[in-house]
Each structure stands twice: as C-alpha cells, then as structure tokens.
Peer 1: 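Have a look at this one before I ask anything.
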Amino acid sequence: MSEMERTLTIVKPDSVRGNVANEVLGFFERAGLRIVALKMVWLSKEQAEGFYVVHKERPFYSSLCEFMSSGPSIVAVLEGDDAIARVRTIMGATNPADALAGTIRRKLASSIQENAVHGSDSPASAEYEIGFFFSKSEIIQTERKQ
Ligand code: CDP
Ligand code: MG
C-alpha cells in the first residue's frame, strides 16, 4: 500500500541561475506530485551548514555550503503517494554521470556538486527539512473544505 507523503525539494542555485527552475518543478508536476508550499530563499552559509548538518564530516561539506549559498534557491514541499521515494527517482543519481536518462540530474546537472535539485531521502529527513523552511501555516492543507 502506498502512503500519502510530503517531501522537501530544493531547486538549487545552479538551476535558478540557469533559468531552468520551471523545468525542475515541471518534472515533479508532470509526475502528478502537488506543490503544497513554495518560496524563494537565498541561504546564508550558516543556513546551508544547518540544512546539510548530516554531512558536516564529509570532505565536500564546506564547498557544498558555499555553492548552496551562492545565489537564490526555490524551496518547495511536494505531496503525493510515496512522494519521498518518487522524488528521488525523478531526480536521478547524485552524480549526473550515473543518472538515468529521463531524470532531472541527467538533463540539467553539471557536476556532482552543482546537481540541480535536492530531495529528502527518508521520512525523518523530510520532516526535518520541511520544518527547516516552512511553518505549518505556510503549507496548504489539501483536505481543507471551503
Ligand atoms: O543530494 P543527494 O541526496 O543525492 O546526495 P548526498 O550524498 O546527500 O549529498 C548532498 C549534496 O552534496 C549533493 O546533492 C551534492 O550537491 C553534494 N555533493 C558534493 O558536492 N560532492 C560529493 N562528492 C557528493 C555530494
Ligand atoms: Mg541527500
């Protein structure tokens, strides 16, 4: 049984800079995922460090946080059946050289670091990452009645 989930995506600074933010979001919309929260942010280095704290021991942490604070990003909450895993599949592998044809990263990523898009990798990270950017009142309640 599939389950209704919410996940966080980031249209990373390389995509916004390259005017392909609409393409990144289009991949998700065409797959039937619903955008239930959306905003543009320009992360500080400190905010990027907080968002990626799980990677703080990795050799790429500092340059990743530089990149993520190098310009504006678009952050969004996506909702749908199995949204967390489906977003990861639609994104493709971290390294665009390994990403399958038809994925966002295969089409739009330029390197393992500047790889166009982020998606939460588990229910626990989705909860942390959604809460990092959005308060409850900023997320659309799809079951709302008029
Ligand atoms: O984004 P994803 O979950 O696919 O990959 P990750 O292993 O969680 O790494 C987070 C981000 O760090 C990647 O999306 C890349 O932007 C960056 N990274 C990097 O700069 N160099 C690496 N060798 C691996 C990841
Ligand atoms: Mg990850």
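Excluded from the calculations below are hydrogen atoms, water molecules and symmetry mates; all remaining heavy atoms, backbone and side chain alike, are included. Along the sequence shown, residues carry numbers from 1. Counting starts at 1 for both ligands and their atoms, following the listed order.
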Peer 1: With a 3.5 Å cut-off and sequence neighbours excluded, list the donor-acceptor pairs that the side chains of residues 29-38 form with protein atoms.
Peer 2:
none

Peer 1: More than 12 non-hydrogen atoms from neighbouring residues, nucleotides or ligands closer than 6.0 Å to NZ on Lys56, yes or no?
Peer 2: no
Peer 1: For atom 17 (C) of ligand 1, which protein heavy atom lies nearest, and how many Å away is it?
Peer 2: Leu64 CD1, 3.7 Å
Peer 1: So if I count the atoms of ligand 1 from 1 in the order they appear, which ones are less than 4.0 Å from some heavy atom of Lys12?
Peer 2: 13 (C), 14 (O), 15 (C), 16 (O)
Peer 1: I need the contact type for Met68 against ligand 1. Using non-hydrogen atoms and a strict under-4.0 Å cut-off, is it side chain, backbone, both or neither?
Peer 2: neither
Peer 1: Run down the list Met91, Arg88, His55, His118 and name the one with the heavy atom closest to atom 8 (O) of ligand 1.
Peer 2: His55
Peer 1: For a 4.5 angstrom cut-off between non-hydrogen side-chain atoms, does Phe67 reach Lys12?
Peer 2: yes
Peer 1: Of the side chain and backbone of Glu114, name the one, both, or neither that has a heavy atom under 4.0 Å from an atom of ligand 1.
Peer 2: neither
Peer 1: How far does CZ of Arg88 sit from OG of Ser122, to the nearest 0.5 angstrom?
Peer 2: 9.5 Å
Peer 1: When rounded to the nearest 0.5 angstrom, what distance separates CD1 in Ile84 from CZ in Arg86?
Peer 2: 12.0 Å
Peer 1: Please round to the nearest 0.5 Å and tell me the distance separating atom CD of Glu143 and atom CE of Met4.
Peer 2: 9.0 Å
Peer 1: Could you grab the distance from atom CZ of Phe27 to atom OG1 of Thr9, nearest 0.5 Å is fine?
Peer 2: 12.0 Å
Peer 1: How close does the nearest protein non-hydrogen atom get to atom 5 (O) of ligand 1, and which residue and atom is it?
Peer 2: Thr94 OG1, 3.2 Å
Peer 1: Does Glu127 CD have over 12 foreign heavy atoms under 6.0 Å away?
Peer 2: no
Peer 1: How far is atom 16 (O) of ligand 1 from the closest protein heavy atom, and which atom is that?
Peer 2: Gln113 O, 2.8 Å
Peer 1: For atom 15 (C) of ligand 1, which protein heavy atom lies nearest, and how many Å away is it?
Peer 2: Ile112 O, 3.2 Å
Peer 1: Would you tell me which option among Phe60, Tyr61, Phe67 has the nearest heavy-atom contact to atom 23 (N) of ligand 1?
Peer 2: Phe60
Peer 1: So if I count the atoms of ligand 1 from 1 in the order they appear, which ones are less than 4.0 Å from some heavy atom of Asn115?
Peer 2: 13 (C), 14 (O), 15 (C), 16 (O)
Peer 1: Which protein non-hydrogen atom lies closest to atom 1 (O) of ligand 1, naming both residue and atom, and how far is it?
Peer 2: Arg105 NH2, 3.0 Å
